[in-house]
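What follows is one structure encoded as structure tokens, with my remarks underneath.
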Amino acid sequence: MVSKTDDIPASVPNCNPADLADEAGDGAQDSNETSKTRLKDSCGRGHCADTAMVNGGGAHEHTEEAESKQDGNGEADGEEESTEQEVIVIQDTGFTVKIQAPGTEPFDLQVSPQEMVQEIHQVLMDREDTCHRTCFSLQLDGNVLDNFAELKSIEGLQEGSLLKVVEEPYTVREARIHVRHIRDLLKSLDPSDAYNGVDCNSLSFLSIFTDGDLGDSGKRKKKGNELEQIDCTPPEHILPGSKERPLVPLQPQNKDWKPMQCLKVLTMSGWNPPPGNRKMHGDLMYLYLVTVEERHVSVTASTRGFYLNQSTTYTFNPKPANPSFLSHSLVELLSQISPAFKKNFTALQKKRVQRHPFERIATPFQVYSWTAPQVDHAMDCVRAEDAYTSRLGYEEHIPGQTRDWNEELQTTRELPRKNLPERLLRERAIFKVHSDFAAAATRGAMAVIDGNVMAINPGEETRMQMFIWNNIFFSLGFDVRDHYRELGGDAAAHAAPTNDLNGVRAYGAVDVEGLYTLGTVVVDYRGYRVTAQSIIPGILEREQEQSVIYGSIDFGKTVVSHSKYLELLEKTSRPLKVQRHKVLNEKNDVAELCSSVECKGIIGNDGRHYILDLLRTFPPDLNFLPVDGEELPPESQRYGFPRQHRHRLACLRQELIEAFVEHRWVYLLFMKMAALQLMQQKANKDSNKTDLPAITEASEIPLEGKELDESIPGLAQAKELAETLVAEDGSDPKSREVVLNACKAVGSISNTSFDIRFNPDIFSPGVRFPEESTEDVQKQKQLLKDAAAFLVSGQVPSLIKDCLDHSTLPMDGATLTEALHQRGINVRYLGTVLEFVEKTPAKAQLEHFYRIGICELITRCAKHIFKTYLQGVELSALSAAVSHFLNCFLSSFPDAVAHLPADELVSRRKSRRRRNRVPGGGDNTAWASLTPSELWKNIASEAQNYYHFTLHCESVDQVVEKYGFQKITLLREISIKTGIQILIKEYNFDSRHKPAFTEEDILNIFPVVKHVNPKASDAFHFFQSGQAKVQQGFLKEGCELINEALNLFNNVYGAMHVEICACLRLLARLNYIMGDHAEALSNQQKAVLMSERVLGIEHPNTIQEYMHLALYCFANGQLSTALKLLYRARYLMLMVCGEDHPEMALLDSNIGLVLHGVMEYDLSLRFLENALTINTKYHGARSLKVALSHHLVARVYESKAEFRSALQHEKEGYTIYKNQMGEAHEKTKESSEYLKYLTQQAVALQRTMNEIYKNGSNASIMPLKFTAPSMASVLEQLNIINVGLGFYTESRL
């Protein structure tokens, strides 16, 4: 449902056409070019120890195959050199070395020549028997190996070599790393970091439903056929028709998470740092510990290891205790002094290594959970230290210095990218730095808003302050110095950062060498918007006027241009569709630009050409920009455009520009073809006859004037045809004229070829154009009007059409927003889209879409109000204010009263407060006076003003009643949008006597972060080629390409990423279709875990992944697991969007079929009949889906021997098949056969009953055939209904 590419803009520019040219061909080059990267797979695992287990295994399997391929493809088109050099890589096969660690048996380890020695270190620090060591070297024949050396460069290292683990002396840094690592091991099963949204930990609950790892349990449980011991009854709230929506099951409690306590306290001692005389005895630092047995001990970390000293809390005595238990590792020391530690630590590590690696690997970007249980706050020295030092003085990667983010971000961009290994290395570096930068920027932005960072201009008013922290520049989303006065003040200042980020994303994707953008992250936190940017070297030392050598700093009054910038920006102009144009400054001098005037060019002290302020990269949206004297096309006027918007920065999305140009391109071809055909018919020369068939074929594309359908079946042929036309263009003056007219009609900037570009400065206040451009400017204005009209008349209807035929199925606000964005529709059009749905004849079949749309509109309005509401709240009243807002928003309690913080905590000395408080934070208790009726009035007026949509509602209960909402869904949407985290418990929203929330229910408030997602371009192209192959029915080739893509994705992103998730899902599906059910199960298990970790435990994608996994479990004979997974998916779907959704019919059909398979007929009927109702509502009573639903219900009635009901349902199905497919179709015939069979059974049953009535107990009864369905037949039906999930490719349907 959600796109595979997630937020990739419609155009991922082709960074490397040379490589991709042959992808369309037979893939000869491909197989060669990429087989070598299979090996990279195992070495590209830089930043994560656990990854070793993830993709290390598959690294060496393909090697022989790769070598055999190499001979055939040596001469790929003129690229012999690169091929030669890459062939060498292929021959590096993996090998096994022996590892000997102190106190353990030697063991074998599979390694690859590309790996670094450091990666063996990581593996050892993760293994159960060696995980307590951090400070050691690896030695081969007595020589210490360099940590950063590649294994292939080490002399004498070969198959079977023995590597010795040798303990090394500690330094302060090593001792700290050791303590941190031991603490991580002790906390490895503790989910509190995931609940608190720290260190890229996130939640996963799959293992609770599968009882551990599916691979093992599959082998274990297959012995007996599980039917006997399954309890199939779901909890009451999961059954169809239940109105209960409990919150607690969202995060089931994992029994492993109450881990055995190994230690009560492990913390830094107050005696740190060691005094000089002790330093000279080798003391590095002191620790204070309390064991489970309540023994209080002081430990010295020295260069030789850890030992007990004689200090107590109040007396310092660093002499070793007797016995001192000197041990090289803290674990060995603790195991000697605490039996409970020894026992529990061993058990803990056993459990840790049993967990699936994907449950514990860090995600690339932080995922926050909107609910959490009350977690005990335990003492933790490392966490405390991190909080105070902000990790600034102690960076793992670069000891003793802060990171120069700008240098890192730009240097990675400059890495070479000529061939695949270079590109992989470059993309991996870019991705890693971006994810680190996003994490640091988020931490900094929170520190700024929490008031923990000193401003660089402390004398100014708080709204105008700017900050620098950790080499990142932070500014607030307010209109300072009336910069945006003409564009909409604070509203424009709030919109500008996201527009700027979209610009950075677009230029980053085009990736022009020599043109640099700033690292940019936009963070919304506690009602404030903070923009975090990397710092251009030297910019702080000089005035902006001197720095800017291209563009304008005052919105077009003074404009300067620069030849180097024009040259660089010219390269981006075609992919970004930006027209090069001239503008006048206030002295009437002409300046030439290839971007909007606000876009500034600054050369940094490092000599790099930076562009910043990219907020107008894309042209303005005239539907939301009323201009005096300009009239919009009738299509726009029909919907009440132009409308006044809060600010004048409303831009069209890049996806819309792409779709519009595509639409014009097809229209242009249509005109060319029509004209050429007329000419050809007139002339009918021999020479032209050869072209005729091609042209005729393509001109049959159905086009109705300009209003042509987006998904034109012959689009590909039309584009190919263009090539043949180009050949003719030059030869015939008539055809030249045709082309000229066609180009004029579509607004191309060239008269001989199709080239549409937009001038982003049209309609910008204060920008003037020279007289000679008048005609051009008029053309541009018309183009912008056409684009605005195309959005309303082309894209909105196409979205609704996709929803009607269920090719787009949003389930919640996020997936709805994504569906809009993919078609280039901004969320400000949400009201228009909903009005369009209201006027659609098939409105009943769009009810789910309408409900999700209204829910999104309401929660977004509430978010806008919440933003300004929070700005007036001081930190001590935060939880009270948030709970009060939620009560006003969701609780039926009519007079929600806010709880102000207790009096004794409110400061008496307000007048002497320091000035440098949180931006805009007053001692303001205005928030406490908000009432539910006032909030809902504000929501209705916000909906009217912002979305131009009329909500008739005065309270939450009216809304729930009118639109069929669930309050739990509204709570989820508002929490996710605003970053609120609430206590997981059952809330009584409907009580009229007390409010639903108290301040104790608000656990946290998280930032909402927007950043650039760098892409793995090569991997993505492989993925797309694989998908295309699969669609053409070449499953095996598709499978190979997707496997390649997976390797490359792993290489760039590490083990965890949304795109890897899509890759695994598709692989699992292919494995399943090709009959490898066990492999399908393994891949899909990874996809589910990854989706939970990277997208969230109840994200619509995760729900779908659960459904796929259930099917594969069933196919592998794990019936009870399949049911548990389906019940989990149903619970999540009920919570996210309620029962009334087309996708629920598919889920219920799955559940009903599995229950039928385990002979739970009554339960099965409840689900299948619900699926029938939903299918009938959303697909229409005559649809084939409904016929199938009738058939499934009939089968269950047959199993229950209720033949009359079975007949009734099968007849309905038969009628639909007959009307839709005709008598001769095999489906109709099958149905007719089944009807005959049911009739015979019914007659036989009636005979038997009559016999019994007549002869009493002496009747001779014919044995009746009651059929419990076979697993094979259930699986067959499951496969049929899941065609919707794409389980059968087109070639097989």
Side-chain angles (χ1 to χ4, degrees), residues 36-57 59-60 63 85-102 106-127 130-131 133-171 173-174 177-178 181 395-399 408 411-412 415-416 419-429 432-433 1047 1050-1052 1054-1055:
K36 65 172 186 293
T37 56
R38 294 190 168 121
L39 298 168
K40 286 288 291 179
D41 151 56
S42 62
C43 74
R45 314 190 297 252
H47 37 274
C48 189
D50 304 52
T51 331
M53 285 91 70
V54 183
N55 37 6
H60 315 301
T63 322
Q85 149 204 338
E86 284 152 12
V87 168
I88 302 163
V89 186
I90 298 173
Q91 291 157 345
D92 292 339
T93 52
F95 57 94
T96 307
V97 292
K98 268 196 170 2
I99 306 275
Q100 164 86 64
F107 58 88
D108 289 342
L109 184 69
Q110 175 87 5
V111 292
S112 141
Q114 269 88 7
E115 281 179 39
M116 285 193 202
V117 175
Q118 190 182 18
E119 289 168 51
I120 302 183
H121 272 252
Q122 294 288 359
V123 173
L124 294 178
M125 281 164 64
D126 199 73
R127 271 181 72 98
T130 55
C131 64
R133 302 184 179 285
T134 59
C135 185
F136 58 87
S137 61
L138 289 168
Q139 299 190 359
L140 175 66
D141 306 330
N143 299 322
V144 176
L145 304 186
D146 170 14
N147 259 348
F148 295 100
E150 289 192 349
L151 298 186
K152 62 182 178 197
S153 66
I154 295 168
E155 272 184 52
L157 183 64
Q158 58 199 36
E159 179 74 35
S161 291
L162 178 69
L163 291 178
K164 284 195 172 154
V165 174
V166 180
E167 297 170 343
E168 292 288 338
Y170 283 97
T171 58
R173 181 169 182 273
E174 285 292 346
I177 286 174
H178 186 76
H181 180 66
E395 284 280 342
E396 286 275 290
H397 315 281
I398 309 166
E408 285 192 42
T411 313
T412 51
L415 290 171
N419 53 30
L420 189 71
E422 284 185 354
R423 277 196 305 277
L424 288 175
L425 205 67
R426 173 177 186 265
E427 285 176 347
R428 180 159 119 221
K432 182 74 179 89
V433 173
N1047 274 343
N1050 270 329
N1051 229 307
V1052 174

> Quick one: are V123 and I99 in side-chain contact, heavy atoms under 4.5 Å?
Replying inline: no

> Which pair of non-hydrogen atoms, one from G156 and one from S161, has the smallest distance, and what is that distance?
Replying inline: O-OG, 3.4 Å

> So which heavy atom on T412 is nearest to which on R426, and how close?
Replying inline: O-CG, 3.6 Å

>> Rounded to the nearest 0.5 Å, what separates atom CG in L145 from atom CD in Q139?
In response: 8.0 Å

>> Quick check for you: to the nearest 0.5 Å, what is the distance between R127 atom CZ and Q122 atom CD?
In response: 15.0 Å

> Shortest non-hydrogen contact from R133 to M125?
Replying inline: O-CG, 3.2 Å

> How long is the gap from OG1 on T130 to CZ on F136, to the nearest 0.5 Å?
Replying inline: 7.0 Å

> With a 4.5 Å heavy-atom cut-off, do L138 and V165 have their side chains touching?
Replying inline: yes

>> For E159 and T96: C-alpha separation, side-chain torsions, deciding distance, then whether side chain to side chain contact (heavy atoms under 4.5 Å, CB included) applies.
In response: CA-CA 5 Å; E159 179 74 35; T96 307; 3.4 Å; yes

> L151 versus M116: any side-chain heavy-atom pair under 4.5 Å?
Replying inline: no

>> Quick check for you: to the nearest 0.5 Å, what is the distance between L157 atom CG and N143 atom CG?
In response: 11.5 Å

>> Looking at every non-hydrogen atom in both residues, tell me the closest pair between S137 and V144 and how far apart they are.
In response: CB-CG1, 3.9 Å

> Closest heavy-atom contact between E119 and E115?
Replying inline: OE1-CG, 3.7 Å

>> With heavy-atom distances below 4.5 Å as the criterion, would you say the side chains of V117 and I154 are in contact?
In response: yes

>> If you define the side chain from C-beta out and look only at heavy atoms, does anything of L425 sit under 4.5 Å from L415?
In response: no

> So with a 6.0 Å cut-off around CD of E155, is the heavy-atom count from everything else above 12?
Replying inline: no

> Out of curiosity, L124 CG to F107 CZ, how far, rounded to the nearest 0.5 Å?
Replying inline: 5.0 Å

> Looking only at heavy atoms, what is the nearest atom pair of E174 and T134, with distance?
Replying inline: OE1-O, 4.2 Å

